[in-house]
Each structure stands twice: as structure tokens, then as C-alpha cells.
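Some notes on the structure that comes next.
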Amino acid sequence: MRYLKHLEHMLPRAFGDWKIEALRGSMDLEHSFGPAYARGLLTHGQSAWALIAVNAEESQATIDGILTLGLLWLSRCRERAQSRNGQARYVAGLRVIVPEGHSAVTQSRMGWLDAAQAKWELYECDARGDELRPIEIGRNGNLEMRLVQNFDCGAALERLQAGIAQVMALVPPGARERVEQRVHSASAVGLSLCGLEFARVQHGLAPGSFQRQDRITFGAGPSETELNEDTAPMLRDLTARLFESRHTGGSTRDTLYRMQPERWLESRLSAALPVIEHSLLGTPVYRQVPAFAASDRGMLDLLAVNRDGRLAVVELKADEDLHMVLQGLDYWIRVHRTAQSRVADGLNDFTRSGYFPDMRLADTSPLLYFIAPALRIHPATETVLHSLSSEIEWNLIAVGEDWRRSLEVIWRKRGGGA
């Protein structure tokens with residue numbers, strides 16, 4: 001409420017003759033608006049701009065979420081664009097206000113919105129909250145991406161085979177073929193069931209010496225435990241309970257069945273992408289690819305390639321997420337920039353970093369896929385998707401709610417690619 005009052009005093013100084021209408025911060029769950037963002041309309045005659053703002057007391061995640069809500073607010077303002085005398089009012093675009101020093105993510109996203117649909121303006125409010133500074137919107141912002149060098153998964157598995165075998169000996173005999181051995185690095189392998197990692201083998205120096213040894217842990221977070229003779233029965237009990245609960249016919253009331261559904265969906269799709277999208281190759285498919293942009297670290301859900309050598313960024317959600325589209329856009333921007341980074345040898349950073357070996361990647365921009373269960377796709381998703389630049393070729397794919405048992409496409413929508 002304090003911030004709303006502050007905006008009422010500051011906006012006339014920033015936008016001159018533009019009149020403030022309907023400035024509010026109230027919750028409107030029907031249209032996905034929460035109290036973190038101030039929303040309003042700036043009017044001048046029959047012209048108007050949708051306005052959304054957030055103050056510095058909010059978390060960075062909330063600040064970065066402003067554009068999603070801004071796009072929904074613009075759509076809402078245009079739906080209601082009738083002046084009091086009944087004449088149509090033209091809402092030209094969206095003005096976004098963020099705190100000073102917090103505009104990088106929003107700036108990069110706004111550079112890939114459709115300029116034909118609306119005008120887009122971004123402002124930073126200074127630390128004193130007295131002035132607004134316009135931020136240039138472009139596609140050459142702070143988006144440098146550094147890939148972690150790909151490694152030889154086969155060599156890593158061979159190096160850690162003794163530790164892996166030690167864990168597998170404690171897994172119920174009839175369930176061992178269901179264990180997924182996922183290589184995290186050249187010296188670390190995770191063992192998981194349906195995307196839920198239950199043990200990890202790491203190769204490193206033994207404490208107080210230069211000799212190398214395998215360190216095996218199981219559990220996660222504060223429950224992480226090192227495997228030894230005393231704790232082996234604990235791991236045997238954990239795997240017995242895990243394999244009894246986490247399978248396609250499990251109960252939704254079971255905690256172990258419900259845990260980390262997104263990782264389960266990722267595990268299913270990484271092995272069956274061509275079933276969902278016939279143009280994509282089934283291998284290689286990279287999961288949780290580390291990507292660094294400035295000080296921000298992101299993890300691409302899946303990175304694949306189609307039959308024409310075109311990269312494909314795949315964003316997955318097992319539960320409803322209002323911000324799915326712009327999170328996927330973040331990864332697409334990074335992959336797009338990296339894929340364009342060709343030098344004299346004609347190779348881009350992906351090829352030089354060891355990804356997609358023996359393949360010639362296309363020069364065209366990446367494809368962008370969003371995959372989620374049909375009933376878990378937020379109603380606002382398509383509004384945000386249709387605000388993206390027509391240069392971005394996107395695919396929204398809804399799979400059946402019973403995706404754990406059977407991957408089936410319910411419907412799909414495509415856009416962009418102009």
C-alpha cells in the first residue's frame with residue numbers, strides 16, 4: 001500500500017500529462033494477479049498504456065516474474081478498453097517498472113516480445129524511489145552463456161563401476177534393471193528410480209591422502225548418509241521401500257510415488273522424445289544441461305536436435321506453473337546466442353564443448369518446446385505464448401494425465417516461425 005501511494009506521486013513526474021487510472025495491488029485470483037505487483041492504466045485522451053510495477057522489498061524471483069503478469073495485465077486492459085462514454089480506447093503497450101539493478105532478466109525477455117502486437121517499455125526506479133530511468137530493450141544484453149564441457153559418459157561409468165556395483169548389490173534383485181545410472185560429471189554418477197535419485201557415487205581423494213577412492217552417499221539434503229558397513233542396512237531398507245512405492249501402478253497417496261514428478265516426467269521423455277515429436281532424434285538427448293548467463297546459473301531441462309540438425313530446447317512441467325513460458329524463453333535465448341557463436345572453424349560453442357558429436361548443427365534458430373500434462377497447463381500459458389516474437393518457433397504439447405504409465409499426446413499447438 002505504501003508503494004502504491006509512492007507511485008501515485010512519482011508517475012505524474014515521469015509521464016507528464018498521462019493520467020493514472022485504476023492503480024491497484026489487490027489480489028485477483030481469477031485472472032492470476034497477486035498483491036506483489038502494482039497494476040494500473042496510464043491514459044491520455046483515447047490512448048492508454050498498461051502499467052505494472054514491483055518494489056525492491058520483493059524477492060528477486062518475484063521481480064523476475066513481473067513480465068508474465070504484465071502480459072496478462074495488458075491482455076486484461078485491452079479486453080476492458082472502453083472509456084466511460086462508451087468509445088473504444090486504444091491500449092498501445094506495456095510499461096514495466098522494476099527496482100534499480102534488477103532489470104537484467106526482464107530486459108532480456110522483453111527483447112523477444114512481438115513488437116507488432118504492442119509497444120514495450122522498461123524502467124528502473126532509483127534507490128531513493130524518486131526517478132524512473134528508461135532501460136533500452138534489445139537482444140544484446142547481459143546474456144553471455146558458458147557451457148560446461150561435455151564429458152565421456154562411458155569412461156565415467158567405467159571409472160565408478162566398483163562403487164555402482166556396491167550400491168546395486170543392495171537393490172532388490174528383481175528391481176535392478178529399473179535403476180537409471182545418470183552421469184553428472186566425469187567423477188560423479190547418480191542412481192535413480194523414475195527420476196528420483198536415491199544414491200550417488202563420487203570419485204575423489206581420500207581424506208588426508210593423495211589416494212583416490214569412491215565415496216558413496218544415499219538420501220538427500222539433511223538426510224544424506226555415507227554408505228559403510230553400519231549404514232548398508234539403511235540403504236537396503238530405503239531401496240526396498242522406494243521400489244515398492246515408485247512404479248507406474250503406484251498410489252497417489254504414497255509420498256515416495258508423488259516426489260519430484262518433474263524429474264519423473266523428464267526421465268520418461270528423455271528416453272521417448274520421438275514418441276512425442278517425430279521430428280526429434282532420440283539420441284543424443286542432454287538432460288539438465290548447465291548454462292551460465294552472467295551470475296545466473298540455469299539448467300536446461302532437455303536439449304535435443306531434430307532430423308535437420310536444428311537444436312530443440314524442451315521445457316517440462318509436471319504441475320501448473322504460470323511462469324513456464326518465460327522460463328523456457330530464458331533457456332531458448334541462451335541456446336540461440338550460443339548456437340550463433342561460430343568462429344573461423346565454422347563450429348559453434350555446443351560443438352566445441354563436445355555436444356552432439358559427429359553432427360552438423362543447423363544455422364537456424366532453435367525450436368522451443370513446452371511439454372506438460374494437459375490438466376496442468378496454466379490457463380494463461382497461451383496468452384503469454386502469443387506475445388512472443390514471431391521469430392521464435394514454439395510448440396505446446398499436452399500429454400495425458402496418466403503419463404507415468406503411458407506417454408500419449410492429447411493435443412498440440414504451434415506458433416511463430418515467421
Side-chain angles (χ1 to χ4, degrees), residues 32 61 63-72 104-114 117 139 141 143 145 147 261-263 265-266 268-270 273 276-277 279-280 285-294 296-306 310-340 350 364-374 376-399 403 409 411-418:
S32 303
I63 294 171
D64 290 344
I66 191 172
L67 188 55
T68 298
L69 276 300
L71 294 173
L72 301 183
V105 170
T106 304
Q107 180 188 24
S108 67
R109 291 172 171 177
M110 291 182 79
W112 288 97
L113 297 181
D114 191 351
Q117 290 193 35
R139 297 179 177 179
L143 292 173
M145 175 172 170
L147 283 174
E262 202 162 296
R263 290 289 171 265
L265 179 59
E266 178 191 293
R268 295 277 284 126
L269 285 170
S270 65
L273 269 183
I276 301 299
E277 178 57 71
S279 66
L280 296 179
V285 175
Y286 299 99
R287 297 167 58 180
Q288 294 292 298
V289 181
F292 298 82
D296 173 56
R297 174 172 179 160
M299 301 290 283
L300 283 67
D301 285 343
L302 295 176
L303 182 64
V305 67
N306 72 2
R310 191 173 179 184
L311 290 170
V313 177
V314 184
E315 175 74 1
L316 311 174
K317 294 295 179 186
D319 292 310
E320 191 173 281
D321 190 334
L322 176 65
H323 301 287
M324 175 176 71
V325 173
L326 294 189
Q327 288 172 1
L329 175 64
D330 290 341
Y331 302 137
W332 182 93
I333 293 171
R334 297 173 191 181
V335 172
H336 172 76
R337 289 286 299 274
T338 304
Q340 302 299 313
F350 284 108
T364 48
S365 62
L367 298 162
L368 179 55
Y369 287 88
F370 300 95
I371 303 177
R376 311 291 176 175
I377 296 176
H378 195 282
T381 296
E382 291 189 51
T383 299
V384 181
L385 275 172
H386 288 292
S387 299
L388 299 182
S389 167
S390 59
E391 299 172 52
I392 300 174
E393 190 170 337
W394 55 263
N395 299 262
L396 176 62
I397 300 176
V399 297
W403 55 264
V409 175
W411 52 261
R412 67 177 72 230
K413 296 183 179 181
R414 305 179 189 272

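Heavy-atom basis, side chains included; hydrogens, waters and symmetry copies ignored.
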- [ ] Please determine if Arg414 and Glu393 form a salt bridge, counting it only when a charged side-chain N lies under 4.0 Å from a carboxylate O.
- [x] no
Open item on the list: Using side-chain contact (heavy atoms from CB on, under 4.5 Å), reason through Thr106 and Ile66 one step at a time and then give a plain yes or no.
Closed with: CA-CA 8 Å; Thr106 304; Ile66 191 172; 3.8 Å; yes
Open item on the list: For the CD1 atom of Ile333 and the CH2 atom of Trp112, what is their distance to the nearest 0.5 Å?
Closed with: 7.5 Å
TODO: Answer whether the closest heavy-atom distance between the side chains of Pro373 and Lys317 falls below 4.5 Å.
DONE: no
TODO: Would you tell me whether Thr68 and His323 have side-chain atoms, one donor and one acceptor, within less than 3.5 Å of each other?
DONE: yes
- [ ] Take Trp411 and Leu396 through the test side-chain contact (heavy atoms from CB on, under 4.5 Å) and record every step on the way to the result.
- [x] CA-CA 8 Å; Trp411 52 261; Leu396 176 62; 3.8 Å; yes
Open item on the list: Any carboxylate oxygen within less than 4.0 angstrom of a Lys/Arg side-chain nitrogen, looking at Asp301 and Arg287?
Closed with: no
Task: Flag, side chain of Arg109 to backbone of Asp64, donor-acceptor distance under 3.5 Å - done: yes
Open item on the list: I need the minimum non-hydrogen distance between Ile377 and Ala398, along with the two atoms involved.
Closed with: CD1-CB, 3.8 Å
Task: Nearest non-hydrogen partners of Ala318 and Arg376, listed with the distance - done: O-CG, 3.4 Å
TODO: Check whether any side-chain heavy atom of Trp332 lies under 4.5 Å from a side-chain heavy atom of Glu315, and answer yes or no.
DONE: no
Task: Ser279 and Arg310, any side-chain heavy atoms less than 4.5 Å apart - done: no
Open item on the list: Salt bridge check, Glu266 against Arg268: does any charged N sit closer than 4.0 Å to a carboxylate O?
Closed with: no
Task: From Met324 atom CE to Ile371 atom CD1, the distance as rounded to the nearest 0.5 Å - done: 10.0 Å
Open item on the list: Checking the side chain of Thr381 only, and the main-chain atoms of His378 only, is there a donor and an acceptor separated by less than 3.5 Å?
Closed with: yes
Task: Nearest-0.5 Å distance that lies between atom OG in Ser390 and atom CD in Gln117 - done: 9.0 Å
TODO: Check Ala339 against Phe350 and note the closest heavy-atom contact, atom names and distance.
DONE: N-CE1, 4.1 Å
- [ ] Considering non-hydrogen atoms only, spot the tightest contact between Leu273 and Ala304 and give its length.
- [x] CD1-CB, 3.7 Å
Task: Test item: Leu302 and Tyr286 side chains (from C-beta on) under 4.5 Å apart, heavy atoms - done: no
Open item on the list: Quick check: do Leu367 and Val313 have side-chain heavy atoms less than 4.5 Å from each other?
Closed with: no
Open item on the list: When you measure from the side chain of Arg412 to the backbone of Ile276, do you find a donor-acceptor pair of N or O atoms at a distance under 3.5 Å?
Closed with: yes
Task: From Asp114 atom CG to Glu391 atom CD, the distance as rounded to the nearest 0.5 Å - done: 9.0 Å
Open item on the list: Could you tell me if the side chain of Leu67 sits less than 4.5 Å from the side chain of Leu113, heavy atoms only?
Closed with: yes
Open item on the list: Pair Leu311, Thr364 - check side-chain contact (heavy atoms from CB on, under 4.5 Å), show working.
Closed with: CA-CA 8 Å; Leu311 290 170; Thr364 48; over 6 Å; no
- [ ] First locate atom CH2 of Trp394, then atom CZ of Phe370, and finally report the distance between them rounded to the nearest 0.5 Å.
- [x] 8.5 Å
Open item on the list: Less than 4.5 Å apart, side chain to side chain, heavy atoms only: is that true for Val285 and Val314?
Closed with: no
Task: Heavy-atom check, side chain of Asp330 versus side chain of Leu326, under 4.5 Å - done: no
Open item on the list: How long is the straight-line distance from OG of Ser108 back to CZ of Arg337, given to the nearest 0.5 Å?
Closed with: 10.0 Å
